[in-house]
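Heads up: the structure comes next, in structure tokens.
Atoms within a ligand are numbered from 1 in the order they appear, just like the ligands themselves. Residue numbers count from 1 along this sequence.
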Amino acid sequence: MAEEIVNVNEFEEIARRVLPKAFYDFIAGGAEDKHTLKENVEAFRRMTIRPRVLVDVSRINMSTTILGYNVSSPLMLAPTGMHQLAHPEGEVATARAAAASKVIMVLSYMSTCTVEEVASCCDAIRFYQIYIYKRRDIATLLVQRAESCGYKAIVLTVDTPRLGRREADMKNKMTLPQLRNFEGLLSMKVASDKEANVKAFTDETFDASLNWKDISWLRSITKLPILVKGILTAEDAIKALEASIDGIIVSNHGARQLDYSPATISVLEEIVHAVKGAVPVFMDGGVRRGTDIFKALALGAQAVLIGRPVIYGLAARGEGGVRTVIEMLKNELELTMALSGCPAVKDITRHHVTTERDRLQSKI
Ligand SMILES: Cc1cc2nc3c(=O)[nH]c(=O)nc-3n(C[C@H](O)[C@H](O)[C@H](O)COP(=O)(O)O)c2cc1C
Ligand SMILES: CCCCC(=O)C(=O)O
């Protein structure tokens with residue numbers, strides 16, 4: 001009989017047992033000292049919830065809209081590369097789980113299944129994440145392919161001019177498979193290395209000259225809304241608004257890029273204040289509980305994105321595992337809303353949480 005799993009964290013241990021070490025380490029890993037990796041989770045724990053009582057919570061409604069699309073709850077699946085490292089069905093299984101749970105999936109530019117396969121396997125609402133390679137023609141082509149098979153938004157990841165230093169991958173000599181989206185366009189093998197070493201490939205291929213001016217180039221190749229993923233400061237949030245982007249994802253890339261960047265939940269509010277409601281703000285990094293989703297919403301996020309737990313669920317139990325991860329987080333959020341006196345997402349306010357900063361300020 002399958003082991004009873006009661007929260008999403010428990011999928012990690014199963015994933016660790018079933019995956020080759022190099023794959024598990026790649027997924028679980030963070031940059032350098034992994035300070036930010038721990039902080040992404042710990043910073044949520046330093047926040048508390050201020051529950052309100054004697055509110056009618058006999059019905060809880062978690063549904064919301066994201067860029068105008070109706071979804072069952074304020075959570076999305078973060079773009080994470082190479083789902084076939086976790087399970088042979090890869091992103092197709094993940095998309096089917098997203099469709100079953102009526103949440104949005106963001107497909108990674110580094111996906112193992114093609115944009116067309118993921119589009120045709122089910123009716124999930126899908127966004128498409130992109131990196132910009134020096135070969136810009138590849139982004140142009142992939143964005144057109146995604147647009148023509150019904151992806152609803154482009155998520156431009158802006159925190160990866162080069163790859164962060166992930167020491168486990170160096171030790172394991174982690175290599176990339178040939179990604180089928182790029183077949184005939186680009187080889188994953190790099191000139192400097194006989195193998196498709198993750199860091200060597202990224203540093204050779206990604207365009208480190210990408211800058212704010214390039215957003216207008218991206219605009220010129222797509223009609224889809226553009227979200228920028230990887231904003232951690234109010235200054236950059238304002239720049240993103242000046243570049244007329246359609247949404248911001250506060251993210252430190254799951255702590256895989258710049259170590260000692262702040263925990264995302266700790267900078268969310270600064271960015272929400274800078275954006276002043278002009279565009280939706282989303283966040284990811286360290287979301288492992290329904291209470292975490294509640295806290296992010298209370299600080300002004302419209303929804304959160306879930307990274308590693310989805311891949312662990314996929315590794316452990318395929319499509320059903322991803323569905324379980326989503327449903328567990330939804331159930332926990334629903335309970336949190338009931339116990340905090342918030343029958344609907346719009347009822348979750350800044351008054352429902354206490355942050356570390358609130359506590360420090362109250363001592364002054
Ligand atoms: C294995 C793995 C692969 C990832 N690949 C991508 C990617 O291709 N593009 C991207 O924008 N972010 C990528 N990310 C970052 C996630 O989108 C997200 O920001 C992060 O995982 C959120 O943190 P969490 O894992 O703590 O939920 C990846 C993260 C992981 C763990
Ligand atoms: C080569 C990049 C892989 C995907 C990615 O963005 C990540 O691992 O964080």
Q.
Would you say CZ of Arg162 has more than 12 non-hydrogen atoms from neighbouring residues, nucleotides or ligands within 6.0 angstrom?
A. no
**Q.** Close-contact set for ligand 1 against Ile311 heavy atoms, below 4.0 Å
**A.** 1 (C)
Q) Under 4.0 Å between a Lys/Arg side-chain N and an Asp/Glu carboxylate O for Asp207 and Arg136? A) yes
(Q) Any carboxylate oxygen within less than 4.0 angstrom of a Lys/Arg side-chain nitrogen, looking at Arg165 and Glu167? (A) yes
Q) Which protein heavy atom lies closest to atom 19 (O) of ligand 1, and at what distance to 0.1 Å? A) Asp284 OD2, 2.7 Å
Q: Find all atoms of ligand 1 within a distance of less than 4.0 Å from any non-hydrogen atom belonging to Gly285, and give their numbers and elements.
A: 22 (C), 23 (O), 26 (O)
(Q) Which residues end up grouped with Leu339 if you chain together Ile, Leu, Val, Met, Phe, Trp and Tyr wherever their side-chain heavy atoms are less than 4.5 Å apart? (A) Leu335
Q: Just jot down the ligand 1 atoms closer than 4.0 angstrom to any heavy atom of Arg288, in number order.
A: 24 (P), 25 (O), 26 (O), 27 (O)
Q. What's the shortest distance from atom 7 (C) of ligand 1 to any protein heavy atom, and which residue and atom give it?
A. Tyr131 OH, 3.3 Å
**Q.** Asp25 bridged to Lys21 by N-O distance under 4.0 Å
**A.** yes
Q | Nearest protein heavy atom with distance in Å, relative to atom 16 (C) of ligand 1 | A | Pro79 O, 3.4 Å
Q) Can you list the ligand 1 atoms lying under 4.0 Å from a non-hydrogen atom of Ile27? A) 1 (C), 31 (C)
Q | Ligand-side contact atoms (ligand 1) for residue partner Thr157, heavy atom cut-off under 4.0 Å | A | 10 (C), 11 (O)
Q.
Quick check: Asn40 and ligand 1, any N/O pair under 3.5 Å apart?
A. no
Q | Protein residue, atom and distance nearest to atom 5 (N) of ligand 1, heavy-atom basis | A | Gly81 N, 3.0 Å
Q. To which protein heavy atom is atom 1 (C) of ligand 1 closest, and what is the distance rounded to 0.1 Å?
A. Arg256 NH2, 3.5 Å
Q | Test: Arg16 and Glu12 ion pair at under 4.0 Å | A | no
Q: Show which atoms of ligand 1 fall inside a sub-4.0 Å distance from at least one heavy-atom site of Ser108.
A: 7 (C), 8 (O)
Q: Starting from atom 27 (O) of ligand 1, locate the nearest protein heavy atom and write down its residue, its atom name and how far away it is, to 0.1 Å.
A: Gly307 N, 2.9 Å
Q) In ligand 1, which numbered atoms sit nearer than 4.0 Å to a non-hydrogen atom of Gln129? A) 7 (C), 8 (O), 9 (N), 10 (C), 11 (O)
(Q) One thing to verify: whether Asp358 and Arg350 come together as a salt bridge, which I'm taking to mean a side-chain N less than 4.0 angstrom from a carboxylate O. (A) yes
Q.
Quick check on Arg357: does its CZ atom have over 12 non-hydrogen neighbours (other residues, nucleotides or ligands) under 6.0 Å away?
A. no
(Q) Under 3.5 Å between any N/O of Leu305 and any N/O of ligand 1: does that happen in this structure? (A) no
(Q) Closer than 4.0 Å to some heavy atom of Ser251 - which atoms of ligand 1 meet that? (A) 19 (O)
(Q) I'd like to check the side chain to side chain contact (heavy atoms under 4.5 Å, CB included) partners of Gln257; sequence neighbours left out, ordered by chain and number. (A) Asp159, Thr160, Leu163, Arg166, His253
Q. Salt bridge between Arg359 and Glu356, side-chain N to carboxylate O under 4.0 Å?
A. no
Q) Less than 4.0 Å between a side-chain N and a carboxylate O, is that true for Arg180 and Glu183? A) no
Q: Return the protein residues near ligand 2 (heavy atom under 4.0 Å from any of its atoms), ordered by chain and residue number.
A: Phe26, Met110, Tyr131, Arg166, Val198, Thr202, His253, Arg256
Q) In terms of side-chain geometry, is the basic nitrogen of Glu147 or Lys152 positioned less than 4.0 Å from the acidic oxygen of its partner? A) no
Q. Other hydrophobic cluster members with Ile104, side-chain heavy atoms of Ile/Leu/Val/Met/Phe/Trp/Tyr under 4.5 Å, chained?
A. Ile66, Leu67, Tyr69, Val71, Met76, Val106, Ile125, Phe127, Val155, Leu227, Ile249, Phe282, Leu305
Q. Under 3.5 Å, is there a donor-acceptor pair between the Asn7 and Arg288 side chains?
A. no
Q | Closest candidate by heavy atom, reference atom 10 (C) of ligand 1, pool Lys229, Met82, Met110 | A | Lys229
Q) Among all protein non-hydrogen atoms, which one is nearest to atom 28 (C) of ligand 1, and what is the separation to 0.1 Å? A) Thr80 CG2, 3.7 Å
Q: Return yes when atom CZ of Arg17 has more than 12 non-hydrogen atoms of other residues, nucleotides or ligands closer than 6.0 Å, and no otherwise.
A: yes
